[in-house]
> 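Mind having a look at this structure? Questions to follow.
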Amino acid sequence: MDAVSAEVYDVVGIGFGPSNLSLAVALEELGQVRSEQPISAVFFERQESFGWHRNMLLPSTTMQISFLKDLATFRNPTSKYSFVSYLHSAGRLARFVNNQDFFPTRKEFHQYLEWVASNFRDQVNFAHEVVSVRPAAGATGPMDHLEVEVRRLSDRSVRVVRTRNVVVSTGLAARMPDGIARGERVWHSSEFLTRFATADQASLKSVAVVGAGQSAAEITRFFHDSLPHAQVYAVIPSYGYALADDTPFANQVFDPTAVDDYYFGTDTTRQAFWDYHKNTNYSVVDDDVIRDLYRRTYEEDVHGTSRLRFLNLTRVSAVEPAGARTRVSLTHGDIKELDVDACVFATGYHAMDPAGLLGDFDEQFLRDARGAHQVARDYRLVAATPNTPGRVYLQGGTEHTHGLTSSLLSNLAVRSGEIADSILGFRLIEEELELPAAEPETVGNLG
Ligand SMILES: Cc1cc2nc3c(=O)[nH]c(=O)nc-3n(C[C@H](O)[C@H](O)[C@H](O)COP(=O)(O)OP(=O)(O)OC[C@H]3O[C@@H](n4cnc5c(N)ncnc54)[C@H](O)[C@@H]3O)c2cc1C
């Protein structure tokens, strides 16, 4: 193999979704204030271009947070990367305000994210997947480098970069019910629009959507609109969709200050966040979507049709091929089996877990009594010894330490600012110690 250049950066970001995009913004804005030398950051993203849950950008779906909870405003209300700044540059500020609505469509928010991302093109390597993070050869102390191994997806070539700061932000992982595998006609919501676009839509005469959360309700509505010839089943484990609580007192669980209340709280107070306020985000649906679906089924009753059917208190126990269709076995109710042309599982996601990327290096980080990673307030994995090389920060996967905002957009601006602050703080120590600044160097041959 040819000699491989191991580049050195102050920060290596894994994944370039909204979290690390917001970090890029924070590093630029805080770096200008706090550091004499520019901060060098590089991000690796396996998608071919910027994309935020593209497969769920269904028509008319709206954000579940205020537009003011953008990538920067809560940390820096004068940021040039705010949503308001984007609206201004797009020539839509006045018209957006005329809407008198805090919740833009997801499509518009996606355009905003792409607009911000276009400013950081030179820092991002798209179609590059990070495969591992490990201490650099010979690393023995906290100021030594980590090596991040990256694969370019076009030709599978491998590249190694070095850094003292890795920020893992690889997002949620799709969750299917135990024993049920995805297939040609069995989809997870995270792949929905791609699957739908490539399916022969005329052949989708009967479809099922499994789940009781926002994505399930949105896909049910979408099927009902897009397949006027089809029977649409919504298989829901509850008695009906439950309402997402976004009333003001409850919404405080997403405030930046709630992170401290959670982090420094007792086990009892932390548990209270989940017991009382899980319904702000998990397995719940926005009011307008619930009412819209109910109205549709009522209208059908009035007209004596039932193209849209809700099977409540029902779970799927198995799916299996049945000729060209898929047989869905159900656990409750009059209908025990459905033969459908597509079954979509909107059954949620697993939290982000950095263990796979860290491999053996993961053993150098502490875990709590329940086996979860210990995470410092600045989102750094807690090292088992003071000599563990480098620092690994998490954007996601910290529900157990930092609370409900861990996988959401609500606190991105502030969280990214806190991570950037921490990195810049360590950078000052490195400068005091006169450690060499990050500059590309060639370190030899990978064999
Ligand atoms: C349909 C949907 C709608 C949502 N709407 C909202 C909302 O309105 N409000 C809200 O607060 N939250 C919402 N969420 C929650 C969601 O988690 C956040 O919106 C947001 O995506 C978090 O950003 P992220 O950058 O942490 O993760 P992601 O957006 O998932 O980005 C992670 C990125 O990392 C990349 N990646 C993964 N592994 C690697 C690797 N090994 N190497 C390189 N790249 C990698 C992925 O390709 C991906 O682009 C929604 C979630 C879904 C599924």
Side-chain angles (χ1 to χ4, degrees), residues 12-24 42-58 61-71 102-110 112-113 116-117 124-133 148-153 159 166-175 188-193 211 213-219 222 244 246 251 253-254 280-282 285-286 346-354 356-359 379 393-399 404-413 415-416 419:
V12 173
I14 307 178
F16 198 63
S19 297
N20 269 350
L21 175 55
S22 161
L23 177 70
V42 67
F43 297 90
F44 295 100
E45 167 55 55
R46 68 177 167 209
Q47 295 189 79
E48 288 188 354
S49 60
F50 182 86
W52 174 63
H53 302 302
R54 279 184 188 275
N55 278 316
M56 281 300 294
L57 289 180
L58 305 178
T61 50
T62 55
M63 295 301 294
Q64 293 177 282
I65 51 162
S66 157
F67 68 86
L68 291 169
K69 293 186 175 180
D70 59 27
L71 298 171
F102 267 96
F103 306 99
T105 60
R106 281 219 285 274
K107 189 175 171 64
E108 185 173 31
F109 203 76
H110 198 280
Y112 156 67
L113 295 172
V116 178
V124 191
N125 294 268
F126 288 105
H128 281 69
E129 182 175 46
V130 171
V131 288
S132 76
V133 177
V148 179
E149 189 179 332
V150 189
R151 192 185 293 131
R152 185 163 63 187
L153 295 177
R159 171 175 166 195
V166 169
V167 185
V168 183
S169 178
T170 48
L172 302 163
R175 180 171 56 208
H188 186 267
S189 55
S190 59
E191 56 184 343
F192 179 68
L193 279 179
Q214 182 74 15
S215 293
E218 286 174 356
I219 292 171
F222 175 84
D246 69 343
N251 222 39
V253 295
F254 301 122
T280 50
N281 184 51
Y282 295 89
V285 181
D286 287 348
T347 40
Y349 294 84
H350 296 288
M352 188 186 95
D353 183 355
L357 283 174
L358 297 176
Y379 300 93
Y393 295 86
L394 303 185
Q395 297 234 58
T398 58
E399 282 87 356
L404 278 76
T405 52
S406 172
S407 66
L408 301 176
L409 302 173
S410 330
N411 195 41
L412 281 197
R415 179 175 74 193
S416 294
I419 293 173

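As the structure lists them, so they are numbered: ligands from 1, and atoms in each ligand from 1. From a predicted model like this one, the values you see are computed outputs, not experimental measurements.
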> Any donor and acceptor pair, going by atom type alone, linking the side chain of Y349 with main-chain N or O of G171 inside 3.5 Å?
no
> Atom CZ of F126 and atom CD of E45: how far apart are they, to the nearest 0.5 Å?
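Separation between the atoms: 6.5 Å.
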> For atom 46 (C) of ligand 1, what's the nearest protein heavy-atom neighbour? Residue, atom name and distance, please.
E45 OE2, 3.5 Å
> Tell me, which protein residue and heavy-atom name are nearest atom 11 (O) of ligand 1, and how many Å apart are they?
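Of every protein heavy atom, L409 N, 2.7 Å lies nearest to atom 11 (O) of ligand 1.
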> Provide, to 0.1 Å, the distance between atom 8 (O) of ligand 1 and the closest protein heavy atom, together with that atom's residue and name.
Q64 N, 2.9 Å
> Please determine whether any non-hydrogen atom of K69 lies less than 4.0 Å from an atom of ligand 1.
no
> Which residue in the set H128, R152, R151, E149 passes side chain to side chain contact (heavy atoms under 4.5 Å, CB included) when paired with R159?
H128
> Applying side chain to side chain donor-acceptor pair (under 3.5 Å) between R415 and each of S406, S19, S22, S410, report the one that passes.
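For R415, the side chain to side chain donor-acceptor pair (under 3.5 Å) check succeeds only for S19.
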> As an exercise, identify every atom of ligand 1 less than 4.0 angstrom from a heavy atom of Y349.
53 (C)
> I need the atoms of ligand 1 closer than 4.0 Å to a non-hydrogen atom of M56, numbered in the order shown.
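Listed by number with element, the hits are 1 (C).
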> Can you tell me which residue and heavy atom of the protein come closest to atom 50 (C) of ligand 1, and the distance to 0.1 Å?
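Ranking protein heavy atoms by distance from atom 50 (C) of ligand 1, first comes H53 CD2, 4.1 Å.
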> For atom 23 (O) of ligand 1, find the nearest protein heavy atom and state the residue, atom name and distance (0.1 Å precision).
P18 CD, 3.4 Å
> Which residue from S66, A173, G396, S169 reaches closest to atom 32 (C) of ligand 1 through any of its heavy atoms?
S169
> Which atoms of ligand 1 sit under 4.0 Å from any heavy atom of M63?
8 (O)
> Within ligand 1, which atoms have a heavy atom of G171 less than 4.0 Å away?
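Numbered from 1, ligand 1 contributes 27 (O), 30 (O), 32 (C).
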> Please report the C-alpha distance between D246 and Q64 in whole Å, then the side-chain angles of each, then the deciding distance to 0.1 Å, and finally whether the side chain to side chain donor-acceptor pair (under 3.5 Å) criterion is met.
CA-CA 9 Å; D246 69 343; Q64 293 177 282; over 6 Å; no
> Is a donor on one side and an acceptor on the other found under 3.5 Å between the side chain of Q214 and the backbone of D286?
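Yes.
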> Quick one: nearest non-hydrogen protein atom to atom 22 (C) of ligand 1, plus distance?
S407 O, 4.0 Å
> State whether the side chain of E108 and the backbone N or O of T105 hold a donor-acceptor pair below 3.5 Å, judged by distance alone.
no
> Looking only at heavy atoms, which two atoms of F254 and T280 are closest? And how far apart?
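Residues F254 and T280, closest heavy atoms: CZ-OG1, 3.4 Å.
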> Hey, could you give me the CD/CZ distance between Q47 and F16, rounded to the nearest 0.5 Å?
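Rounded to the nearest 0.5 Å, the CD-CZ separation comes to 11.5 Å.
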> Compare every heavy atom of S189 with every heavy atom of I219, then report the nearest pair and how far apart it is.
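So the minimum-distance heavy-atom pair works out to CD1-CB, 3.6 Å.
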> Do me a favour and list the nearest non-hydrogen protein atom to atom 42 (N) of ligand 1 with residue, atom name and distance?
V130 N, 3.0 Å
> Measuring from atom CG of N20 to atom CD1 of I419, what distance do you get when rounded to the nearest 0.5 angstrom?
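The CD1 atom of I419 is 8.0 Å from CG of N20, to the nearest 0.5 Å.
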> For H128, take its heavy atoms, then give the atoms of ligand 1 lying under 4.0 Å from any of them.
43 (C)
> For atom 4 (C) of ligand 1, which candidate among F16, F192, W52, F109 holds the nearest heavy atom?
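Looking at heavy atoms only, the winner is W52.
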> If we count only non-hydrogen protein atoms and require a distance under 4.0 Å, does atom 14 (N) of ligand 1 qualify as touching the protein?
no
> What protein heavy atom sits nearest atom 39 (C) of ligand 1, and how far off is it?
T170 CG2, 3.6 Å
> Enter the distance from M56:CE to F222:CZ here, rounded to the nearest 0.5 Å.
9.5 Å
> Considering only heavy atoms of L172, which atoms of ligand 1 have at least one such atom less than 4.0 Å away?
17 (O)
> List every atom of ligand 1 that sits less than 4.0 Å from any heavy atom of S19, numbering the atoms from 1 in the order shown and giving each element.
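Listed by number with element: 23 (O), 24 (P), 25 (O), 26 (O).
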> Would you say the rings of F67 and F102 are close, in the sense that their centroids are separated by under 6.0 Å?
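Ring-ring flag for F102/F67: true, centres closer than 6.0 Å.
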> Any nitrogen or oxygen of T62 lying under 3.5 Å from a nitrogen or oxygen in ligand 1? Just yes or no.
no
> Report the member of G15, G17, P354 with the shortest heavy-atom distance to atom 31 (O) of ligand 1.
G17
